[in-house]
Amino acid sequence: MKAVERAKLVRSLRQESRRLRLLVLVIGFFLVTLTFVVLSKPDALLFNLNGRLSVDDAPRSLLIRQATDATADPDQRSAAAAQDPKPLDDFEDAEANANANAKATPKDSEEKSALTVRDPQQSAKKGPEPRLLGSSGGEGEKKKGHRKVTLPTVSNYTIRDAEDGDNAKQQQGSKPETETKLEMVAGKGDGSQQQDWDTAEWESKPLCDFSNFRANVCEMRGNIRIHPNASSVMYMEPASSKRNELWKLKPYPRKGDELCLSKVTELTVKSSKVAPECTKYHNVPVVVFALTGYTGNLFHDFTDALVPLFTTASEFNGEVQFLITDMAIWWTRKYHVVFKKLSNYPLIDFNKDTDVHCAKHAIVGLHAYMEFTIDPSKAPHNYTMVDFNRFMRRTYELPREAVSALGEIPKAKPRLLIISRQRTRMFLNLPEIIAMAEGLGFEVVVEEANVSSDLSQFSKVVNSVDVMMGVHGAGLTNCVFLPHNATLIQIVPWGGIEGVCRIDFGDPAEQMGLRYKQYSIAVHESSLTDQYPLDHEIFKNPLAFHKGFEFIKETFMDKQNVRLDCNRFRPVLLQTLDLLNQ
């Protein structure tokens with residue numbers, strides 16, 4: 001019996017030993033996990049189960065703005081900015097919680113301040129009393145500098161986790177992400193670094209400007225949410241604001257052209273106190289615009305997109321993010337060097353994007369004025385077409401900045417580029433024109449410009465010449481690559497369309513610093529004489545056929561070619577040679 005009892009006792013001890021080892025393992029695993037959580041996120045234990053920070057339990061350091069001396073240690077400031085704040089519902093909640101905390105009892109304040117970790121040396125110094133965010137201080141407080149606010153922001157962890165690799169690269173080289181977001185939440189910073197969008201001017205300014213006859217533009221500075229799925233841009237207002245704005249626009253600069261705008265996505269810009277949480281944050285300005293409409297035609301590529309985009313975005317020196325509605329991939333590839341020059345960040349297809357974008361500066365629409373021009377009196381930084389011409393030459397790395405006077409380069413002939421066309425407004429006697437120009441001493445180059453032209457190569461051809469000539473059409477848009485003081489000669493078809501031709505290319509050329517010549521053909525130089533008798537109304541009174549642009553285009557552009565009278569045109573080239581001698 002003793003042997004049996006001894007065996008039972010041994011088995012019992014073994015079972016108890018296994019239970020003890022299992023208990024030790026469980027306790028050890030719990031302690032390791034707890035240690036990891038405390039070391040990685042020390043504030044995590046202050047959260048309740050829904051992941052939101054209770055105001056009553058929040059550390060005081062998360063809710064107050066510390067007033068600091070001008071001689072504060074920079075290392076301490078950057079350490080404070082690097083703290084990882086926790087999420088609240090929205091910016092208004094953050095302000096409301098801060099105001100509620102301002103009314104806390106002294107006992108509550110002591111309990112909360114006990115949770116605040118402070119540097120011993122800093123605590124030893126006698127500093128000014130902390131001021132709660134949202135509370136109204138005296139005049140003396142307003143004049144003092146303040147530390148960046150360390151308070152909860154909108155889904156801080158959501159934003160970080162949702163950002164992809166491209167967005168992470170965008171953040172490199174900038175201020176810490178948390179600090180930047182806190183500036184947006186607080187709307188306040190150091191007095192010496194106060195942002196323009198914090199001023200009363202921006203707060204009282206309407207979100208959009210619809211006064212321009214060519215384009216509607218909305219520009220906002222503050223807390224902005226861009227929600228592509230809802231085709232909306234929201235300007236977040238504080239709870240006390242009475243602003244109630246709602247605008248609808250199509251961000252393509254052809255205002256009033258219903259046919260053109262029929263395929264452009266309409267966006268809603270509004271002030272709001274409620275908005276979806278951010279999933280991607282941009283610490284650079286965001287520009288939203290459309291790429292449909294008339295793009296695909298070289299002239300409209302520039303007058304409707306590239307010139308307005310330069311006017312709107314070049315002031316940011318590449319630090320700007322483009323969100324493009326109705327984006328055509330082939331078009332962005334064709335002009336990828338232009339986009340690369342204007343923005344350091346990948347293009348975002350607005351219609352296919354599902355993120356909610358947060359920014360503190362946003363522009364919806366592009367600044368545009370007359371056709372193919374920039375109005376320096378209205379453009380940011382008074383940009384001109386000279387600036388655009390220089391920008392295009394440098395974007396495509398073109399060697400010639402200006403035309404050299406004849407004779408500066410020995411044995412060099414002035415180069416003349418003739419833009420040929422293959423369908424409409426063709427030169428019917430091109431060999432005769434070439435022979436006449438060569439007889440005057442020009443080296444003649446003939447090229448056709450169309451939508452499939454390789455701009456990187458075509459731009460080099462254009463930049464290499466001193467004179468470019470062609471019949472009115474999109475091909476003349478390539479004058480943007482000409483060197484300064486080069487000459488553009490526009491051949492105007494029959495039909496009383498001199499004014500249109502002057503607006504489309506004459507004025508822009510002169511504003512770019514080019515010399516401009518306009519040659520209107522006579523009746524005998526028009527192929528319309530093959531279609532109508534010489535006594536027809538189309539020759540006697542062409543203005544009677546001006547019944548809308550489409551009718552003019554069909555009658556005088558699509559159905560007309562040019563047989564240039566070389567004897568009549570010869571003086572124009574001689575005048576051009578005189579200009580090159582100056």
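- Counting non-hydrogen atoms of other residues, nucleotides and ligands closer than 6.0 Å to NE2 of H336 gives a total of 12 or fewer.
- Applying the disulfide (SG to SG under 2.5 Å) rule to C260 yields no partners; only residues at least two apart in sequence or on another chain are considered.
- Checked by atom type and distance alone, the side chain of R515 pairs as donor or acceptor with a backbone atom of L579 at under 3.5 Å.
- Side-chain contact annotation: H484 with N389, donor-acceptor N/O pair under 3.5 Å absent.
- The environment of K460 atom NZ is dense: over 12 non-hydrogen atoms of other residues, nucleotides or ligands sit within 6.0 angstrom.
- Looking at E319, its side chain never comes within 3.5 Å of a backbone N or O of V284 through a donor-acceptor pair.
- H300 pairs by the ring pair (Phe, Tyr, Trp, His ring centres under 6.0 Å) definition with Y294, not counting sequence neighbours.
- Within 6.0 Å of atom CD in E537, more than 12 heavy atoms from other residues, nucleotides or ligands are found, so the atom counts as buried in its surroundings.
- At distances below 3.5 Å, at least one donor-acceptor pair connects side-chain atoms of N429 with backbone N or O atoms of L564.
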Report task. Step by step, work out the side chain to side chain contact (heavy atoms under 4.5 Å, CB included) result for L514 and Y516. Result -> CA-CA 6 Å; L514 305 177; Y516 177 71; over 6 Å; no
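- Within the model, atoms OG of S520 and CZ of R568 stand 7.5 Å from one another, a figure rounded to the nearest 0.5 Å.
- With respect to D304 and R214, a salt bridge is recorded, a charged nitrogen being found less than 4.0 Å from a carboxylate O.
- Applying the salt bridge (Lys or Arg N to Asp or Glu O under 4.0 Å) test to pairs two or more places apart or on separate chains, those with a residue in residues 481-503 are R502-D507, R502-E510.
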Query raised in the report: Given N212 and K255, is the side-chain hydrogen bond (donor to acceptor under 3.5 Å, both in side chains) satisfied, shown in steps?
Result: CA-CA 9 Å; N212 189 332; K255 185 176 177 180; over 6 Å; no
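- Within the 4.5 Å cutoff, the side chain of L342 has heavy atoms near those of the S314 side chain.
- Take R425 and apply the salt bridge (Lys or Arg N to Asp or Glu O under 4.0 Å) test, not counting sequence neighbours, and it matches no residue.
- In this structure, Q575 contributes its side chain and V572 its backbone to no donor-acceptor pair below 3.5 Å.
- When atom types are taken as modelled, the side chain of T312 and the backbone of L309 share no donor-acceptor pair closer than 3.5 angstrom.
- Atoms CD and CD1, on Q518 and I491 in that order, are 9.5 Å from each other to the nearest 0.5 Å.
- Within the 4.5 Å cutoff, the side chain of Y335 has no heavy atoms near those of the L291 side chain.
- Between atom CD1 of residue I419 and atom CG of residue L417 there is a gap of 4.0 Å, rounded to the nearest 0.5 Å.
- Listed for the H282 side chain is no donor-acceptor partner under 3.5 Å among the backbone atoms of H361.
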Requested in this report: Would you sort out whether F322 and F289 count as a ring pair (Phe, Tyr, Trp, His ring centres under 6.0 Å), showing the intermediate values?
Outcome: CA-CA 8 Å; F322 295 147; F289 62 98; 5.6 Å; yes
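- Counting heavy atoms from C-beta outward, V307 and M385 have side chains that approach closer than 4.5 Å.
- Heavy atoms of other residues, nucleotides or ligands lying less than 6.0 angstrom from CE of M370 number 12 at most.
- Counting only distance, with no hydrogens or angles, the side chain of D326 and the backbone of V264 share no donor-acceptor pair below 3.5 Å.
- Looking only at side-chain heavy atoms (C-beta outward), F310 and V338 stay at 4.5 Å or farther from each other.
- Under 3.5 Å, the side chains of Q560 and S526 contain a donor-acceptor pair of N or O atoms.
- A donor-acceptor distance shorter than 3.5 angstrom exists from the side chain of N478 to the backbone of G475, with no hydrogens or angles considered.
- Evaluation of the ring-ring contact (aromatic ring centres under 6.0 Å, His included) test over residues 547-582, restricted to residues two or more places apart or in two chains, returns Y519-F569.
- For D466, the salt bridge (Lys or Arg N to Asp or Glu O under 4.0 Å) partners are R400, not counting sequence neighbours.
- Every residue two or more places apart in sequence or in another chain was checked for a ring pair (Phe, Tyr, Trp, His ring centres under 6.0 Å) with H367, and none qualifies.
- Using a 4.5 Å cut-off on side-chain heavy atoms (C-beta onward), L534 and T529 make contact.
- No side-chain heavy atom of L259 sits under 4.5 Å from any side-chain heavy atom of R254.
- Using a 3.5 Å distance cut-off with no hydrogens or angles, the side chains of K559 and Q531 do not pair a donor with an acceptor.
- Within the 3.5 Å criterion, the main-chain N or O of M426 finds a donor-acceptor partner in the side chain of N561.
- In this structure a side-chain-to-backbone donor-acceptor pair under 3.5 Å is missing from S343 to F339.
- The line from OH of Y396 to CG of L455 is 4.5 Å long, rounded to the nearest 0.5 Å.
- Side-chain atoms of D558 and T424 include no donor-acceptor pair closer than 3.5 Å.
- Salt bridge present: E443 and R415 bring a charged side-chain N and a carboxylate O closer than 4.0 Å.
- The shortest distance between side-chain heavy atoms of V467 and L580 falls below 4.5 Å.
- Considering CG of L573 and CG of L577, their distance stands at 7.0 Å, rounded to 0.5 Å.
- Scanning for ring pair (Phe, Tyr, Trp, His ring centres under 6.0 Å) contacts around F302 gives an empty result, with sequence neighbours left out.
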Requested in this report: Dump the intermediate steps for side-chain hydrogen bond (donor to acceptor under 3.5 Å, both in side chains) on S271 and E245, then the final yes or no.
Outcome: CA-CA 5 Å; S271 56; E245 294 186 37; 5.9 Å; no
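- Listed by chain and number, the residues in a salt bridge (Lys or Arg N to Asp or Glu O under 4.0 Å) with K340 amount to none (sequence neighbours excluded).
- Within a 6.0 Å radius of CD in E397, other residues, nucleotides and ligands contribute 12 heavy atoms or fewer.
- Residues that satisfy the ring pair (Phe, Tyr, Trp, His ring centres under 6.0 Å) test with F505, not counting sequence neighbours, are F299, H472.
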Report task. Decide yes or no on side chain to side chain contact (heavy atoms under 4.5 Å, CB included) for I374 and T384, but give the supporting numbers first. Result -> CA-CA 6 Å; I374 299 173; T384 67; 5.8 Å; no
Query raised in the report: Given C218 and V233, is the side chain to side chain contact (heavy atoms under 4.5 Å, CB included) satisfied, shown in steps?
Result: CA-CA 10 Å; C218 302; V233 179; over 6 Å; no
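- Identified under the salt bridge (Lys or Arg N to Asp or Glu O under 4.0 Å) test for residues 426-439, with sequence neighbours left out: none.
- Here the straight-line distance linking atom CE of M234 with atom OG of S272 works out to 6.5 Å at 0.5 Å rounding.
- In this view, C479 satisfies the disulfide (SG to SG under 2.5 Å) rule with no residue, not counting sequence neighbours.
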**Report entry** Full working for side chain to side chain contact (heavy atoms under 4.5 Å, CB included) between D301 and W331
**Finding:** CA-CA 9 Å; D301 287 351; W331 198 94; 2.8 Å; yes
